[in-house]
Amino acid sequence: MTPKERAENSAKAMWANDNASSWLGMELGEVDEGRAVLTLTIEPRHANGHGICHGGITFALADSAFAFACNSRNQSAVAQHNVISYIAPAKIGDRLTATAIEVSLNGRNGIYDVKVKNAKDQIIAEFRGFSRAINGQHFQE
């Protein structure tokens, strides 16, 4: 099995049980070893009291992309901690893309950077996630 096939199989297994991401309206795009892309179109239900995308929604999108990237090797992994910087507001109707890229993987610990951009390629947020591998796999190999 190639690393990309392993990542795709892991993502398929995870997505089948990821009620939160699908409930929020996220779509799983491409995945590869240490990389994942998710998208979300901002709807009125995602808006805060200022009429812009709630920061928690942006965080959730970045966090989900991070999750699929750090679980791409069929080794269960969870977040140790994450940080996000909000660069620009996302507006209702914006299509956001979160791209997660592995920066480092050392033993059970990983570091991933996620950029969230709108359709105009403007950076909305930058997220850094720190993962920790735990027992378990997503599918039988």
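Residues Gly93 and Thr41 come closest through the heavy atom pair O-CG2, 4.1 Å.
Connectivity analysis of hydrophobic side chains (ILVMFWY, heavy atoms under 4.5 Å, direct or indirect) links Ile123 to Ile87.
Between the side chains of Ser64 and Ser21, a donor-acceptor pair is found at a separation under 3.5 Å. Side-chain polar atoms of Arg132 and Asn109 form a donor-acceptor pair below 3.5 angstrom.
Here Ile42 contributes atom CD1 and His54 contributes atom NE2; the two are 12.0 Å apart, rounded to the nearest 0.5 Å.
Side chain of Tyr112 to backbone of Ser131: no donor-acceptor contact under 3.5 angstrom is found.
Around atom CD of Gln140, no more than 12 heavy atoms belonging to other residues, nucleotides or ligands sit under 6.0 Å away.
A salt bridge between Lys117 and Glu126 is absent, with no side-chain N of the basic residue lying under 4.0 Å from a carboxylate O of the acidic one. Between Glu8 and Lys4 there is a salt bridge, since at least one side-chain N of the basic residue sits less than 4.0 Å from a carboxylate O of the acidic one.
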Which side-chain N or O atoms in residues 26-34 pair as donor and acceptor under 3.5 Å with protein atoms at least two apart or in another chain?
from	atom 1	to	atom 2	distance (Å)
Glu27	OE1	Arg95	NH2	3.1
Glu30	OE1	Arg35	NH1	2.7

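Checking Val114, Leu61, Leu38 one by one against Phe66, the side chain to side chain contact (heavy atoms under 4.5 Å, CB included) holds for a single residue, Val114.
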Taking it one step at a time, do Asn9 and His138 satisfy side-chain hydrogen bond (donor to acceptor under 3.5 Å, both in side chains)? CA-CA 8 Å; Asn9 288 339; His138 304 290; over 6 Å; no
